[in-house]
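This structure is a prediction, so every number in the text was calculated from the model and none was measured.
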Amino acid sequence: MEKLSKQLLATLDDDHVRNVRWMEESPADVLVHSAEPPQGYTVPWHHHRRTQLLCIFSGVALIMTARGRWMVPPGHALFIPVGMEHSIEILSDVSMKSVYVTPRGQPPKDDAPRVVEVTDLARSLLLEAIRLGEAPISHRKAKLVLSLLVEEIATLPERPLGLPFPSDRRLTALCRDYLANPSPNARLDDWAEKLSVSRRTFTRQFRKETGISFTTWRQQASVFACLPQLAEGQPVTNVALEAGYESVAAFTTMFRRMLGTSPRTYMASRWTFDRQSA
């Protein structure tokens with residue numbers, strides 16, 4: 001990954017601070033924002049006084065929160081509760097669009113991030129809201145679009161697609177290494193040995209840190225690690241073999257199990273999503 005220059009990093013950080021200040025000082029109940037940070041940038045830790053729906057339109061980003069770390073695929077979004085500290089590591093050039101909504105009443109104390117699918121209507125409304133962003137706050141069409149957008153995002157279907165990351169430093173290092181070199185044959189015992197703990201201790205710790213089993217995480221990670229290559233247009237056969245699968249059929253079966261469709265169909269739909277969102 002190419003390292004960003006200090007000047008570019010400073011500019012990106014300044015833009016981030018300015019945007020957060022704008023959002024926090026705005027009296028509006030609903031705000032929308034669009035950003036396309038470059039690969040290699042990490043958005044500094046921060047929080048909002050509104051609920052955030054962070055939509056990934058293209059590219060891959062790792063969203064880090066106090067409740068875990070999530071890799072969200074294109075066409076999906078992560079709900080980030082009010083006041084939750086979070087940061088975003090940009091793993092490839094991305095297009096992100098967010099909706100910030102002032103909560104009604106007292107937000108739940110145990111509210112946790114959750115991944116949802118961005119419907120065609122939600123995508124279109126969000127794009128239109130961003131286009132109308134410069135309109136006066138009393139602009140009737142802008143009000144109607146934002147109102148309908150809030151109604152739509154409240155019904156977005158939840159999807160078990162976010163890839164949770166542990167907070168333990170050593171365990172996180174193993175997870176990062178796996179994403180860099182995924183293999184469906186990775187063994188729990190090998191990971192436990194690297195951490196110098198028993199199989200039982202590792203199993204309990206991993207589930208506590210991520211909320212899912214090691215096997216489930218490995219399956220999800222194998223698929224998610226391939227999304228950047230697929231997004232770049234690399235052949236499914238090459239991606240499957242590089243991920244350690246013995247055949248394209250085996251890779252396709254796992255991909256379909258995790259994302260509900262084949263790699264080619266999924267990426268075709270994401271391509272349509274990206275082009276229509278441009």
Exercise for the section: Evaluate the side chain to side chain contact (heavy atoms under 4.5 Å, CB included) criterion for residues L174 and L195: first the C-alpha distance (whole Å), next the side-chain angles of each, then the deciding distance (0.1 Å), finally the verdict. Expected result: CA-CA 9 Å; L174 290 178; L195 295 182; 3.8 Å; yes

Problem - Chi angles and distances behind the side-chain hydrogen bond (donor to acceptor under 3.5 Å, both in side chains) call for H47, E85 - result: CA-CA 5 Å; H47 64 274; E85 291 284 339; 2.8 Å; yes

Practice task
Give the C-alpha distance, both sets of side-chain angles, the deciding distance and a yes or no for side chain to side chain contact (heavy atoms under 4.5 Å, CB included) between T51 and I80.
Solution key: CA-CA 6 Å; T51 298; I80 303 176; over 6 Å; no

Exercise for the section: Decide yes or no on side chain to side chain contact (heavy atoms under 4.5 Å, CB included) for V101 and L53, but give the supporting numbers first. Expected result: CA-CA 8 Å; V101 182; L53 180 69; over 6 Å; no

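When only modelled atom types and interatomic distance are considered, Y178 and S222 share a side-chain donor-acceptor pair under 3.5 Å. Of the N and O atoms on the side chains of D93 and Y41, not one donor lies less than 3.5 Å from an acceptor on the other residue.
A centroid separation of less than 6.0 Å is found between the aromatic rings of H48 and Y100.
For the pair P113/F79, no side-chain contact is recorded, criterion being any heavy-atom separation below 4.5 Å from C-beta on. Within the 4.5 Å cutoff, the side chain of N181 has no heavy atoms near those of the D177 side chain.
Grouping the Ile, Leu, Val, Met, Phe, Trp and Tyr side chains by contacts below 4.5 angstrom, directly or via other members, places M84 with L54. Hydrophobic clustering (side-chain heavy atoms under 4.5 Å, transitive across Ile, Leu, Val, Met, Phe, Trp, Tyr) groups V94 together with L78.
Taking SG of C175 as the reference point, atom CZ of F214 lies at 8.5 Å (rounded to 0.5 Å). Taking CD1 from I88 and OG from S98, the interatomic distance works out to 6.5 Å, rounded to the nearest 0.5 Å. Here the OG-CE distance, from S87 to M64, works out to 3.5 Å after rounding to the nearest 0.5 Å. Atom CD of Q205 sits about 10.0 Å away from atom OG1 of T210, to the nearest 0.5 Å. Rounding to the nearest 0.5 angstrom, the gap separating the OG1 atom in T102 from the CZ atom in R49 is 5.5 Å. L12 contributes atom CG, which lies 7.0 Å from atom CG of L4 (distance to the nearest 0.5 angstrom).
Sequence neighbours left out, the pairs with a member in residues 192-208 that pass salt bridge (charged side-chain N to carboxylate O under 4.0 Å, His left out) are D189-R199. Among residues at least two apart or in separate chains, salt bridge (charged side-chain N to carboxylate O under 4.0 Å, His left out) pairs with a member in residues 16-33 are D15-R18.
One finds a salt bridge joining R176 and E89 here, because a Lys/Arg side-chain nitrogen approaches an Asp/Glu carboxylate oxygen to under 4.0 Å.
Considering only residues two or more places apart in sequence or on other chains, H16 meets the ring pair (Phe, Tyr, Trp, His ring centres under 6.0 Å) condition with H46.
E246 CD: 12 or fewer foreign heavy atoms inside a 6.0 Å radius.
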